[in-house]
Amino acid sequence: MTANKIALSERYTALFHANRARLDEGSSNLINRMRDIAIKRFEKVGIPGFKNEDYKYTNLERVFDKDYRHILEYEKVDIDLNEAFRCDVPQLDTHVVLLVNGWYYAKNQPLQNLPKGVVVGSLQEVANEQPELVQDYLNRQAGLSEDPIVALNTALAKDGFFLYVPDHVVLEKPIQVINLMRAEDAVFATQRNLIVVGKNSQAKVIFCDHTLSARDFLTNNVTEVFVGEDAVADVYTVQNQDNQANSINSSFFKQGANSNLLTSVATLHGGLIRNNLKVEFAGEHAEANVYGMSFTDKKQHVDNFTNIEHAYPNCLSNQVYKNVLDEDSVGAFTGRIHVVRDAQKTNAFQRNNNVLLTDSAKMNTKPQLIIDADDVKCSHGATVGQIDEEALFYLRARGIGESDARMMLMNAFAHEVVQNIRVEPLRDRIDELVEKRLRGELARCHSCDMS
């Protein structure tokens, strides 16, 4: 490690040891027992730099090397829930909960008309009060990761969002999780989420990431999702924060036999954003559809890193990531598919398409296939280019102005991802936000930036 990297990593290690008592206070042993192993794992690597193969396109040191206030215990805040929620999907009928600076908001009202046995709430509270719902799942996936940023989350996390859906239960209304960052100073927030969808059950979760103030924010979020046998789970994320807000989001999915997963992330605004995603098949005939898209300008940096582990035969995975890059923005995509020796009859497909609107925008893409089985159908591909000039000429020849013609082409480019969203009001809203984003209009509502 370089001297600066060592000093930076030591700063976060020292933060952990100096606040160990505060971290343990009020937290279940299920959370606290993970901390020592995690901080040792973090110490081995530290904050990853360009020499780390998994982070070769993203310099995290520059966003970690700031004087943040770390939120290590719940802070009382007052937020007008109606005002905060207005900036999301007004037509969407959901169960809505709010998290502020990584913590479950104390004034969330109990959700009404949930099916019997469904639990929605604070991870910290559920781990304390109903540990039997948590103990078989918490850190079972993230704990296997060698990523030092995931380890740092495990060492520092105290709270986040929790959802439990028992076996044979259909949760008709989606759960909408509003993640708000709000402070008058630079803040580092650590959030840990856990979602368990039981056998033969169905659930949809929508994460909406917003900021209520324009400050230097850094969030380190880890989400573990367990999808039981014959279960169906949708997890959507809309990232729409101020460009001073930076975030690292690591999502781990484990799927049982015959399960169906759809996960999609739309990145509209933000500074440096790194999305890590891992899917592990833990039974035959499971299906995972993984989608992502980003629209960047100025000096935004968005990096998507995916890892699909085909550990059982007869499973299907499909990945499509699309990016539109403007001005001096930078994008990255690394997609890894691993088919193990006994995972015969695997179907795995991956595609990354990118449009550069300026000569100064940059895109790095690295699709990867590791196939140890011989009876499989797998493909991967990536494209980086400008707007299709022939298509643009075709539209202009029919009397459509250049600006509108470009907009039509970019909307069509993005719509392949948007159309796969299985919640119609959300799909329509993201279409609207994408169009505003491409037009350069403010895609956030008036209440999402109160600086």
Student: Determine the minimum heavy-atom distance between Phe295 and Ala414, stating which atoms define it.
Tutor: CZ-CB, 3.6 Å
Student: Determine yes or no for a side-chain-to-main-chain donor-acceptor pair under 3.5 angstrom, with Thr13 supplying the side chain and Ser9 the backbone.
Tutor: yes
Student: Any side-chain to backbone donor/acceptor pair from Ser201 onto Pro166? Under 3.5 Å, distance only.
Tutor: yes
Student: For residues Asp147 and Val45, determine if any side-chain heavy atom of one lies less than 4.5 Å from a side-chain heavy atom of the other.
Tutor: no
Student: Within the side chain of Thr219, is there an N or O that forms a donor-acceptor pair under 3.5 Å with the backbone of Asn221?
Tutor: no
Student: Please answer whether the main-chain N or O of Lys199 pairs with a side-chain N or O of Asp167 as donor and acceptor at a distance below 3.5 Å.
Tutor: yes
Student: Kindly give the heavy-atom pair with the smallest separation between Gly102 and Ala189, and that separation in Å.
Tutor: N-CB, 4.3 Å
Student: Quick one: does any side-chain atom of Asn246 pair with a main-chain N or O of Leu272 as donor and acceptor, under 3.5 Å?
Tutor: yes
Student: Applying side-chain hydrogen bond (donor to acceptor under 3.5 Å, both in side chains), can you list everything that pairs with Asp326, at least two apart in sequence or on another chain?
Tutor: none
Student: Is there a side-chain contact between Val290 and Phe253 in this structure, where contact means two heavy atoms from C-beta onward sitting under 4.5 Å apart?
Tutor: no
Student: Closer than 3.5 angstrom, by distance alone: can the side chain of Asn128 be matched with the main-chain N or O of Gly26 as a donor-acceptor pair?
Tutor: yes
Student: Asn108 side chain to Leu98 main-chain N or O, any donor-acceptor pair under 3.5 Å?
Tutor: yes
Student: Side chains of Phe226 and Leu194, heavy atoms from C-beta outward: is any pair under 4.5 Å?
Tutor: yes
Student: Just by distance, do the side chain of Tyr74 and the backbone of Ala106 share a donor-acceptor pair under 3.5 Å?
Tutor: yes
Student: Just by distance, do the side chain of Lys66 and the backbone of Phe188 share a donor-acceptor pair under 3.5 Å?
Tutor: no
Student: Quick one, Lys366 and Tyr57 - any side-chain contact, counting heavy atoms below 4.5 Å?
Tutor: yes
Student: Who passes side-chain hydrogen bond (donor to acceptor under 3.5 Å, both in side chains) against Asn364, sequence neighbours left out?
Tutor: none
Student: Heavy-atom distance under 4.5 Å between the side chains of Gln319 and Phe333, does that happen here?
Tutor: yes
Student: Within the structure provided, determine whether Lys158 and Trp103 are in side-chain contact (heavy-atom separation under 4.5 Å).
Tutor: yes
Student: Heavy atoms only: give me the nearest Ala186-Asp67 pair and the separation to one decimal.
Tutor: CB-O, 3.9 Å
Student: Which heavy atom in Cys315 sits nearest to a heavy atom in His285, and how many Å separate them?
Tutor: SG-N, 3.7 Å
Student: Given side chains that start at C-beta, do those of Ile273 and Asn249 come closer than 4.5 Å, heavy atoms only?
Tutor: yes
Student: Are Asn243 and Asp297 side-chain neighbours, meaning at least one heavy-atom pair lies under 4.5 Å?
Tutor: yes
Student: Could you tell me whether Lys107 and Asp78 have a side-chain N and a carboxylate O separated by less than 4.0 Å?
Tutor: yes
Student: Closest heavy-atom contact between Gln241 and His269?
Tutor: O-CB, 2.9 Å
Student: Look only at the side chain of Arg35 and the backbone of Ala157, and say whether a donor-acceptor pair between them is shorter than 3.5 Å.
Tutor: yes
Student: Give a yes-or-no answer on whether the side chains of Thr267 and Gln239 include a donor-acceptor pair shorter than 3.5 Å.
Tutor: yes
